[in-house]
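Here's the structure we're looking at; comments come further down.
Letters A, B, ... are given to chains in the order of the sequence lines, protein chains preceding strands, and every chain is numbered from 1.
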Amino acid sequence: MTEPTPAPGADQPLDDAAGLADHPLTARRLAKHEAALAGEGYPYRFSRTATAAELHTRHGGLEPGTETGENVTVAGRLHNVRALGNLLFGVLRDGTGTIQLFVDRSVLDDAAFARFEELDHGDWIGAGGEVVTTRRGELSVRITSLTLLAKSLRPLPDKWHGLQDLELRSRRRYLDLLANERSRDTALTRARVVSELRREFEARGYVEFETPVLLTQATGGLARPFRTRHNALEMDMYLRIATELYLKRLVVGGMERVFEIGRIFRNEGIDSTHNPEFTMLESYEAYADYLDILEMVEEIFAAVAIAAAGGATVTYQGRTLDFSPPYRRERMVDLVAAATGRPVDFAAPIDDVRALARSHGVEPEPHWGHGKIVEALFDALVADGIWEPTFILDHPVEVSPLARRHRDDPDLAERWELFIAGAEFGNAFSELNDPLDQRQRFEAQVAARAAGDEEAHPLDEDYLLALEYGMPPTGGLGIGVDRLVMLLTGQPHIREVILFPTLRPEA
RNA sequence: GGGCCCGUAGCUCAAUUGGCAGAGCAGCGGACUUUUAAUCCGAAGGUCGUGGGUUCGAUCCCCACCGGGCCCA
């Protein structure tokens with residue numbers, strides 16, 4: 001914690017630690033700020049009677065030169081001032097859009113006109129006046145009053161090119177948002193996606209619960225966790241890598257339809273589809289199996305696409321994607337067999353399977369069994385080529401330690417992943433509810449970890465205890481929310497859909 | 001972890017492959033009573049990411065570091 005800076009007294013000059021006085025672009029603004037403080041100061045509130053969007057809705061399509069007789073007050077950030085002698089035009093942006101300010105010396109008194117001339121691009125202002133259209137027909141507020149609400153001390157990004165640099169846009173997201181309409185749209189679309197997902201689940205009788213982020217053991221997924229330290233308890237703790245095992249405890253407790261939209265943390269590399277913290281939706285429904293969940297996901301994805309992107313068909317990276325159900329369904333083993341030209345055989349000698357993998361450019365690690373190799377072959381040979389939404393069904397049990405064994409094939413699990421545009425967007429199981437089988441699966445994970453698999457699950461004895469009290473048959477689901485937003489906004493980089501992505505500190 | 005690339009004015013970008021660093025926008029001064037990225041005139045604005053090295057001379061070549069991007073594992 002930093003020491004609080006003492007408030008400057010009347011006889012104590014403001015500290016210019018930021019160096020604002022040292023640069024001509026900021027020094028002028030700083031001088032105006034100090035003059036404002038020395039004079040009237042800044043108001044604590046402003047009574048706005050209309051937003052930009054309301055004005056456009058109320059007065060759309062007026063003839064040029066109309067005087068509506070309606071007086072309003074508006075507020076927002078000032079952009080793009082054009083001065084023409086005794087006329088000034090400015091664009092006021094508020095949270096709903098923009099409205100033109102029309103400043104006419106014959107209407108506004110000289111002092112207020114001069115104060116408007118002193119404004120800088122980026123200042124927050126309140127203004128009052130009559131709603132009119134100009135000779136060119138632009139809806140405007142012809143102002144008769146002006147209040148400076150807050151001074152912008154720094155110059156804003158280029159009014160035409162905006163802020164382009166991905167790094168700067170991420171570090172100073174406020175500048176990105178105020179300069180780039182696309183960024184505002186993306187942020188708002190993300191909010192709509194999350195809201196719509198929540199609405200869809202609640203409409204189906206699901207209830208959202210909050211499960212712990214800070215854990216003594218990170219389980220429920222295949223990933224490395226972040227470690228932190230609890231001082232009073234004198235022990236290491238971990239940030240969650242999934243919400244799965246806690247939500248299933250709720251099902252054991254009798255909550256039949258549960259979900260959570262929550263932040264997940266995985267201690268992995270950062271690239272165009274991975275951020276260390278991201279948002280996942282998980283849901284669990286008692287008495288359902290993975291095929292029930294599949295049909296629900298088709299409906300929900302279509303509904304979310306329509307709500308957030310305006311239709312079930314979206315454009316991503318120059319190609320169309322159709323979210324209208326039903327989606328293709330393929331078994332993973334069938335696709336891998338087609339890609340390798342050999343049927344998948346879980347009874348084949350492991351050395352033969354390893355050789356097959358190598359012949360397709362996949363180097364198996366020592367601890368990989370048949371199932372892991374099948375999954376690796378799928379990832380290497382098949383996944384990238386999938387474009388339209390496709391359910392990949394029935395993964396090997398070996399790579400699905402929390403999924404129930406397939407009712408027809410003990411080597412496979414009742415599990416699917418939804419692939420779109422070469423990436424995974426959802427993951428669902430008929431949940432493993434047999435505590436004895438679950439214990440064996442955990443023990444296999446422990447063995448894999450001992451053999452060098454750092455992402456293998458630790459054994460969660462407390463979760464097994466819950467299962468031993470009985471969990472009904474349950475269909476579970478995980479959806480990567482960030483990636484879904486990428487699809488629906490056409491953004492190729494996860495950093496575009498996370499407002500404040502993880503970055504190294506600036507030098 | 002490996003390879004490749006980028007960092008130049010507040011913003012968007014050039015150029016120089018060793019010899020005083022350029023434009024548009026923004027900002028500043030001026031003109032203009034209907035602009036829409038207003039227009040026109042003028043004058044400014046630079047630690048060329050940081051630190052070392054080579055050189056008479058480095059934004060440019062070399063090394064290290066910082067930040068970012070892309071590809072691969």
Side-chain angles (χ1 to χ4, degrees), chain A residues 18-32 52 56 62-67 77-93 97-108 110 113 116-123 132-143 151-172 174-176 178-181 183 224 267-275 317 358 361-365 376 379-380 384 422 454-455 492-496 501-507:
Chain A
L20 291 163
D22 298 335
H23 194 291
L25 290 177
T26 50
R28 291 184 63 90
R29 289 169 179 247
L30 180 63
K32 293 178 192 173
H56 286 289
L62 290 180
E63 292 296 310
T66 303
E67 298 189 341
R77 196 189 279 275
L78 180 65
H79 292 265
N80 197 17
V81 175
R82 286 94 63 192
L84 292 89
N86 290 318
L87 291 182
L88 296 167
F89 297 90
V91 172
L92 189 74
R93 174 178 296 288
T98 62
I99 183 72
Q100 178 165 266
L101 300 181
F102 177 33
V103 188
D104 184 340
R105 183 158 242 163
S106 67
V107 174
L108 191 65
D110 286 351
F113 191 90
F116 197 99
E117 284 185 302
E118 282 295 298
L119 293 175
D120 290 296
H121 183 197
D123 287 349
V132 302
T133 55
T134 61
R135 276 183 211 167
R136 292 291 178 86
E138 180 75 26
L139 187 68
S140 308
V141 176
R142 186 172 62 195
I143 73 169
K151 190 75 192 161
S152 175
L153 295 181
R154 293 187 181 274
L156 267 54
D158 190 287
K159 68 181 175 187
W160 184 243
H161 299 96
L163 193 64
Q164 298 294 326
D165 183 74
L166 181 57
E167 180 184 356
L168 256 191
R169 289 179 44 229
S170 302
R171 287 191 193 281
R172 304 188 196 165
Y174 47 92
L175 290 182
D176 182 35
L178 73 87
N180 300 323
E181 186 174 13
S183 298
R224 276 178 252 188
N267 205 341
E268 295 161 356
I270 298 174
D271 63 26
S272 60
T273 56
H274 295 86
N275 195 63
Q317 295 179 355
R358 286 198 193 90
V362 172
E363 180 56 43
E365 293 188 30
D379 288 343
D384 286 350
E454 292 184 52
E455 294 189 342
H493 205 301
I494 197 169
R495 182 169 287 186
E496 298 282 3
T502 305
L503 291 167
R504 284 191 160 91
E506 216 165 354

Would you kindly give the CZ-to-P distance between A/Phe113 and B/rC32, to the nearest whole Å? 12 Å
How do A/Thr133 and A/Leu168 order along RNA chain B: which one's closest nucleotide is nearer the 5' end? A/Leu168
Look at the side chain of A/Arg28 and decide which nucleotide, out of B/rA37, B/rU12, B/rG29, has an atom nearest to it. B/rG29
Can we say A/Glu363 and A/Arg358 salt-bridge, meaning some charged N sits less than 4.0 Å from an Asp/Glu carboxylate O? yes
Please report the distance, rounded to the nearest Å, between CG in A/Leu88 and P in B/rC32. 13 Å
With sequence neighbours excluded, tell me which residues meet salt bridge (Lys or Arg N to Asp or Glu O under 4.0 Å) with A/Arg154. none
Salt bridge or not for A/Asp110 and A/Arg105, using N-O below 4.0 Å? yes
Starting at the 5' end of RNA chain B, what dot-bracket string do you get if Watson-Crick and G-U pairs under 3.5 Å are bracketed, crossing pairs use [ ], other-strand pairs use | and unpaired bases use dots? (((((((..((((.....[..))))..((((.......))))......(((((..]....)))))))))))).
Atom CG of A/Leu153 and atom C1' of B/rG27: how far apart are they, to the nearest Å? 15 Å
RNA chain B: A/Phe89 or A/Leu163, which has the more 5' nearest nucleotide? A/Leu163
Categorize A/Gly162 for me: base, sugar-phosphate, or nothing, with a 4.0 angstrom heavy-atom threshold over every strand shown. sugar-phosphate
Applying salt bridge (Lys or Arg N to Asp or Glu O under 4.0 Å), can you list everything that pairs with A/Arg169, at least two apart in sequence or on another chain? A/Asp176, A/Glu496
Check whether any side-chain N or O of A/Thr66 sits under 3.5 Å from a backbone N or O of A/Leu62 as a donor-acceptor pair, and report yes or no. no
Per atom distances to the A/Glu138 side chain, the nearest of B/rU34, B/rU36, B/rU12 is B/rU36
In 5'-to-3' order, the base (B), backbone-only (S) or no-contact (-) status of each nucleotide in nucleotides 38-51 of chain B, using a 4.0 angstrom heavy-atom cut-off, is B-------------
Looking at A/Arg93, is its backbone amide N or carbonyl O close enough to the side chain of A/Thr98 to form a donor-acceptor pair, meaning the two atoms are under 3.5 Å apart? no
Each nucleotide of nucleotides 68-73 of chain B classed B (base within 4.0 Å of a protein heavy atom), S (only sugar-phosphate) or -, in 5' to 3' order, makes SSS---
Basic-acidic side-chain contact under 4.0 Å: A/Arg28, A/Asp120: no
Using the side-chain heavy atoms of A/Leu25, tell me which of these nucleotides is nearest: B/rU34, B/rC28, B/rA26. B/rA26
Between B/rU34 atom P and A/Leu87 atom CG, what is the distance in whole Å? 6 Å
Check whether A/Phe102 forms a cation-pi arrangement with A/Arg142 (NZ or CZ under 6.0 Å from the six-membered ring centre, at most 45° off the ring normal). no
Indicate for each nucleotide in nucleotides 2-8 of chain B, in 5' to 3' sequence, whether protein heavy atoms under 4.0 Å reach the base (B), only the sugar-phosphate (S), or nothing (-). -------
Looking only at the side chains, is there a donor atom on one of A/Asn267 and A/Arg224 sitting less than 3.5 Å from an acceptor on the other? no
Mind calculating the distance between CG (A/Asp120) and P (B/rC25) to the nearest angstrom? 19 Å
From A/Leu101, A/Leu92, A/Leu88, residue fulfilling side-chain contact (heavy atoms from CB on, under 4.5 Å) relative to A/Ile143: A/Leu101
